[in-house]
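One-based numbering, in listed order, for ligands and for the atoms of each.
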Amino acid sequence: MSDRVYIFDTTLRDGEQSPGATMNLDEKMQIALLLEEMQVDIIEAGFPIASNGDFEAVSEISKNIKNSTIAGLSRAKIADIDRAWEAVKHAKSPRIHTFIATSPIHMKYKLMKTEEEVLDSIKHTVSHARNLCDNIEWSCEDGGRSNLEFLYKCIELAIGSGATTINIPDTVGFTLPSEFGSIFKAVRNNVPNIDKAILSTHTHNDLGLAVANSVAAIQEGARQVECTINGLGERAGNAALEEVVMTLKVKKDLMPFHTNVKSEYITKASRLVSSITGFTVQPNKAIVGANAFAHEAGIHQDGMLKNAETYEIMTPESVGLNKSSLVLGKHSGKHAFSEKLKELGYDFGDNVLMEVFGRFKDLADKKKEIFEEDLIALAGERTLTYDEHIKFVSLEVNAGSLSKHQAKLTLIMDDNKQSNSSDGNGPVDATFNAIKQITQTDFRLKLYQVHAITAGTDAQGEVTVRLEDDDLSSQAKGSDLDIIVASAKAYISALNRLIFKKTKSIAKNSAEFKIEGV
Ligand code: KIV
Ligand code: ZN
């Protein structure tokens, strides 16, 4: 068996299923181009039947990506498969990924199908897909809770009908690594034609075991791992690509497998996905968290100075993290600024660069030291490619323990300047009330989070806001030295995204496109 493990990234499909993480076409394309550059083998670009937006994204990505296989997801339905093929057929290397649930609970309550009906459906849909495309992946949804004898029959039939990759998902993140590994072992020992397909693992993190389960599956024969940048994904997320790739790299003495992924792109990919989705990476997240390479305890710092390997099992450089943190000041020029942004993974055209540079100068006037994190926050806001239908202009607040909390806000809405003064329970509440008054909106605020980007009382505050309306939600970040201004920017950015989604109806969660079974 080969020691090459194929990396299948599903940030644009399963990752996008995280509430609030919906991305538009430009954003998906930026991520796909970076995944291609980092040599991800397969990019699952979306679920084409789910919405016109998904279809368009999968087609455009298929046309533009040349070095990775592009997969489109479909249920076990002919219309889904045809739609997936229509979208991926432009790719240099297309794949149709089709799935059906095989666990007793999913078959009985969700599909309302017997085992025989599921087997019929596998035969019918996989052979239909194979008539369209040579590269077919078949997944047994909820494989982790499926009856093994039935699973063997399904897999044998799927391979017999033309599947070239067999993916076993732990859809609900329920199995232990030992259990999940033994499913792969049993499948390898009991499915007669298993050598005709590549075995794949797809895990969810409900018990925090997604990566451990993927590793166990690799040890028992999986040679494709489905994962996402930053572990984004449905509920608690999927296995994190960066953790899988670095585990294989760091533990190669015990696990003699390798991937083709250029690990030096990991930090860049993590930042891009975080700024596009508005999902902040927790500081103690493995590999890509802000503290992943920080050594706080004196005894650790002492060891590090003597020999970095005392406390570091991989170098920051191996994941694309540069050690320098204090970067530019108010006298830095545009060229140095643009070079630094490129190093951090942001390559803007001239107009956007000038705008971000202007904001950098404003910040540098107020803040003595500008750190990488400050630049990432400035640049991250600009990676959002939604029309800025609503723009922040200015804000003045009354706050403190004695005065009435009041916000005087000015926005530009569709090229008209509009102002409002509102009261509230605290300056943030007053500011959000003023935004709601001007925009005549009242979406549910599902998340409001503030954190300091760097140390020091002059640090920029970064605020994350998630808004929700019926089945749609959107999340965005805003940063500023003033946390109330950062809050207003984050709210406005989330609002622009939500309005965009409502008008374009691109969200799969919308009633119109509600897809059962993923
Ligand atoms: O979790 C899951 O079962 C899935 C399948 C569609 C592969 O995402
Ligand atoms: Zn999944």
Side-chain angles (χ1 to χ4, degrees), residues 6-19 21 42-50 54 58 69 71-77 80-81 83-84 88 95-107 109-111 118 121-122 125-126 129 135-146 151 154-155 158 163-175 180 183-184 187 197-211 213-214 217 222 224-241 244 508-509 513-518:
Y6 291 90
I7 295 294
F8 175 116
D9 179 279
T10 182
T11 307
L12 301 179
R13 199 279 296 170
D14 217 328
E16 205 206 15
Q17 284 174 215
S18 308
I42 303 113
I43 300 172
E44 185 161 58
F47 193 176
I49 194 109
D54 248 44
V58 180
T69 296
L73 184 68
S74 64
R75 290 168 297 182
K77 292 184 187 230
D80 277 41
I81 293 171
R83 191 84 172 136
V88 296
R95 173 182 291 190
I96 298 175
H97 176 193
T98 181
F99 73 96
I100 190 164
T102 51
S103 65
I105 185 163
H106 276 229
M107 289 191 290
Y109 294 104
K110 191 184 76 176
L111 297 178
V118 168
S121 176
I122 294 172
T125 53
V126 175
N135 188 341
I136 303 299
E137 173 170 337
W138 177 78
S139 290
C140 41
E141 193 194 9
D142 207 15
R145 293 190 298 174
S146 298
L151 207 53
C154 293
I155 295 175
T164 44
T165 298
I166 296 295
N167 180 41
I168 306 180
D170 179 23
T171 303
V172 289
F174 176 69
T175 61
F180 198 54
I183 295 176
F184 282 75
V187 164
I198 289 187
L199 261 178
S200 164
T201 158
H202 177 112
T203 51
H204 280 269
N205 210 24
D206 300 67
L207 291 173
L209 294 172
V211 172
N213 280 344
S214 295
Q224 174 180 286
V225 178
E226 303 201 352
C227 44
T228 56
I229 303 290
N230 297 339
L232 202 66
E234 187 85 49
R235 306 183 309 280
N238 288 63
L241 179 147
V244 172
K508 286 194 279 283
N509 292 346
F513 296 117
K514 190 93 187 163
I515 299 288
E516 81 281 4
V518 244

> Does R13 come within less than 4.0 angstrom of ligand 1, counting non-hydrogen atoms of the residue?
yes
> Between R145 and D142, does any NZ, NE, NH1 or NH2 come within less than 4.0 Å of an OD or OE carboxylate oxygen?
yes
> Would one find an N or O of H202, backbone or side chain, under 3.5 Å from an N or O of ligand 1?
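There is such a contact, yes.
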> Is it the side chain, the backbone, both or neither of T171 that has a heavy atom closer than 4.0 Å to ligand 1?
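Both backbone and side chain of T171 come within 4.0 Å of ligand 1.
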> So that I can tick it off, tell me whether R75 and E141 are bridged by a salt bridge, with the cut-off set at under 4.0 angstrom between side-chain N and carboxylate O.
no
> Among the N, O or S atoms that H204 has, which is closest to the Zn ion (ligand 2)?
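Of the nitrogen, oxygen and sulfur atoms in H204, the Zn ion (ligand 2) lies nearest to NE2.
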> Which residue, T164, T69, N135, forms the side chain to side chain donor-acceptor pair (under 3.5 Å) with R95?
N135
> Need the ligand 1 atom indices (1-based, order shown) with element for anything under 4.0 Å from a heavy-atom of E141.
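Once the distances to E141 are compared, the set is 3 (O).
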> Report yes or no: do T175 and D170 form a side-chain donor-acceptor pair below 3.5 Å?
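On atom types as modelled, these side chains qualify, holding a pair under 3.5 Å.
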> Suppose we only allow N, O or S atoms; which atom of D14 ends up nearest to the Zn ion (ligand 2)?
OD2
> Will you find, in the side chains of D14 and H204, an N or O donor that is under 3.5 Å from an N or O acceptor?
yes
> Any N or O of H204 that comes nearer than 3.5 Å to an N or O of ligand 1?
yes
> For a quick test of reading the model, state the closest non-hydrogen atom pair linking S74 to F47 and the distance between them.
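Residues S74 and F47, closest heavy atoms: CA-CE2, 3.9 Å.
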> Judging by distance only, is a nitrogen or oxygen of N167 under 3.5 angstrom from one on ligand 1?
no
